[in-house]
Amino acid sequence: MTIKEMQEQILRLKKEKDICILAHSYVAREIIETADFTGDSFQLSVLAETAPQKTVIMCGVRFMAETVKILSPEKTVILSNPVAGCPMAEQMDKQLISQVKKEYPDYTVVAYVNTTAALKTVCDVCVTSSSAVKIVSKIDNDKILFIPDCNLGAYVAGQLPEKKIKLLNGGCPIHARMTEKDVKAAKALHPDALLLVHPECRPEVVKNADFIGSTSAIMNYAKQSDAREFIIGTEISIAEHLQYECPEKRFYPLSKELICSNMKATTLVDLYDCVLGRGGEEIKLDEQTVRNARKCIDMMIKLGG
Ligand code: 13P
Ligand code: SF4
């Protein structure tokens, strides 16, 4: 079977079986072409809840599939490839944060959505990269404990100097690889290009950026800009998708190291097996986890919408 034929089968089967396919923008193009919705973490969590289908296949990483299950516990939620985790989401556990909360009892605990369902149960509100500044600014408490990404947390703190933001030492190992040295090297190669970066990058990278935003915000900015060349400081697939969508412009990844192997774990064959009902992993969460984790996701949607 060719890739095209497999895509056609997936499109046919998902209709027949009432399946919704969600794909994060970091996954491969041939998967995105079969998806009902593509977007950043925030868009996917909102879309997951409104999707009318009974089954959702998440082409992304485990915390994203868990978020869908928390929002739609009545749906069958399949993670397209069970090995696709997020190292950042697994950096901190419930026990650690419960302990830290005892040291900072009057702080509101803000969790990046890139956390496990279990960890969300001990947090007050979730944020995504696109909604973090807006949501933290609306929280009726100046004292914020921001977990787990200290780079995103530092970015939020810089935007909201009136808040006292306590950070822990976590983050995305892919975005955190980028240094000012990479920025200098990329700018030397492409002196006319604008630098667009994700706030998961280190402050030394973010401070050099012409634009800072989530995956979708970076894509929208690049598409609408009159500039013709861009250095893209986020997962490498964003430069690839943009190049595909805007052939008249030029997109250069900030570094060839910007590859998330977990986001690349899902193949079109995995997705095909899922729609056939013989692949992926069904996400199961107990009722109490769903109930408690949902509170901070609902708060995110309320404050971020
Ligand atoms: P966004 O989808 O919020 O841009 O986050 C990027 C990311 O690293 C997802 O895992
Ligand atoms: Fe996790 Fe970073 Fe990969 Fe996103 S890019 S899934 S935060 S490791």
Side-chain angles (χ1 to χ4, degrees), residues 22-28 31-32 35 37-48 58-68 79-92 110-117 119-120 126-136 146-153 155-156 168-178 196-202 205-206 209 211-222 232-242 253-266 297 300-301 304:
L22 297 180
H24 190 274
S25 313
Y26 289 170
V27 304
I31 293 175
I32 286 181
F37 301 111
T38 304
D40 65 14
S41 307
F42 185 71
Q43 292 168 318
L44 291 183
S45 27
V46 175
L47 289 167
M58 171 57 78
C59 301
V61 294
R62 183 170 295 270
F63 78 81
M64 296 175 177
E66 285 187 349
T67 305
V68 177
L79 174 63
S80 51
N81 185 329
V83 307
C86 166
M88 161 149 57
E90 285 147 31
Q91 276 161 355
M92 291 173 194
V110 175
Y112 194 16
V113 76
N114 301 31
T115 41
T116 61
L119 187 58
K120 287 182 177 81
C126 274
V127 295
T128 67
S129 54
S130 59
S131 61
V133 173
K134 184 175 177 185
I135 289 175
V136 174
F146 191 101
I147 60 162
D149 187 352
C150 61
N151 289 336
L152 178 62
Y155 173 68
V156 174
L168 298 186
N169 200 16
C172 165
I174 315 303
H175 288 84
R177 270 183 206 154
M178 297 304 100
L196 319 184
V197 310
H198 197 284
E200 285 177 16
C201 290
R202 294 169 188 232
V205 172
V206 168
F211 177 78
I212 304 142
S214 72
T215 307
S216 299
I218 288 177
M219 292 186 85
N220 291 339
Y221 182 92
I232 305 295
T234 189
E235 214 279 335
I236 207 155
S237 48
I238 298 306
E240 289 168 15
H241 298 325
L242 280 167
L254 174 55
S255 157
K256 61 179 171 31
E257 301 295 316
L258 271 167
I259 299 177
C260 175
S261 53
N262 284 285
M263 283 288 188
K264 296 285 174 284
T266 299
I297 296 180
M300 165 177 88
I301 292 172

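For ligands, and for the atoms within them, numbers begin at 1 and follow the listed sequence.
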Inset, instruction - Hey, could you give me the CG/CD1 distance between L119 and I147, rounded to the nearest 0.5 Å? - result: 4.5 Å
Inset, instruction - Give the C-alpha distance, both sets of side-chain angles, the deciding distance and a yes or no for side-chain contact (heavy atoms from CB on, under 4.5 Å) between I259 and I174. - result: CA-CA 7 Å; I259 299 177; I174 315 303; 5.8 Å; no
Legend entry - Contacts of atom 2 (Fe) of ligand 2 with protein N/O/S atoms, counting only those under 2.8 Å: C172 SG
Inset, instruction - Would you mind checking which non-hydrogen protein atom is closest to atom 4 (O) of ligand 1, with the distance to 0.1 Å? - result: T215 OG1, 2.5 Å
Legend entry - R62 side chain to C86 backbone, donor-acceptor under 3.5 Å: no
Legend entry - Non-hydrogen side-chain atoms of I238 and L196 separated by less than 4.5 Å: no
Legend entry - Contacting atoms of ligand 1, where contact means under 4.0 angstrom from a heavy atom of S214: 4 (O)
Legend entry - Whether M88 lies under 4.0 Å from ligand 1, heavy atom: no
Legend entry - Protein heavy-atom partner closest to atom 10 (O) of ligand 1 - residue, atom, separation in Å: N114 ND2, 3.5 Å
Inset, instruction - Apply side-chain contact (heavy atoms from CB on, under 4.5 Å) to the pair T128 and D40, showing each step before the final yes or no. - result: CA-CA 9 Å; T128 67; D40 65 14; 5.7 Å; no
Legend entry - Atom of D149, atom of G171 and distance for their closest heavy-atom approach: OD1-CA, 3.6 Å
Inset, instruction - Spell out, as yes or no, whether a donor-acceptor pair under 3.5 Å connects the side chain of E200 to the backbone of C172. - result: no
Legend entry - Close-contact set for ligand 1 against E200 heavy atoms, below 4.0 Å: 5 (O), 6 (C), 7 (C), 8 (O)
Inset, instruction - Please could you name the atoms of ligand 1 that D40 approaches to less than 4.0 Å, counting only its heavy atoms? - result: 1 (P), 2 (O), 4 (O)
Legend entry - Element-labelled atoms of ligand 1 that are located less than 4.0 Å from some non-hydrogen atom of M263: 10 (O)
Legend entry - Of the listed options H175, H198, H24, closest to atom 2 (O) of ligand 1 (non-hydrogen atoms): H24
Inset, instruction - Could you label the plane-to-plane angle of the H198 and H175 rings as parallel, tilted or perpendicular, counting under 30° as parallel and over 60° as perpendicular? - result: tilted
Inset, instruction - Examine distances only and state if a side-chain atom of T38 and a backbone atom of H24 form a donor-acceptor pair shorter than 3.5 Å. - result: no
Inset, instruction - Within a distance under 4.0 Å of any heavy atom of Y112, pick out the atoms of ligand 1 and give their elements. - result: 5 (O)
Inset, instruction - Would you kindly say whether Y26 and T234 are connected by a side-chain donor-acceptor distance under 3.5 Å? - result: yes
Legend entry - Per-atom contacts, ligand 1 versus Y26 - under 4.0 Å to a heavy atom: 6 (C), 7 (C), 8 (O), 9 (C)
Inset, instruction - Report, in ascending order of atom number, the atoms of ligand 1 lying under 4.0 Å from any heavy atom of S129. - result: 1 (P), 3 (O), 4 (O), 5 (O)
Inset, instruction - Mind running side-chain contact (heavy atoms from CB on, under 4.5 Å) on K120 and T67 for me, showing each step along the way? - result: CA-CA 10 Å; K120 287 182 177 81; T67 305; 4.0 Å; yes
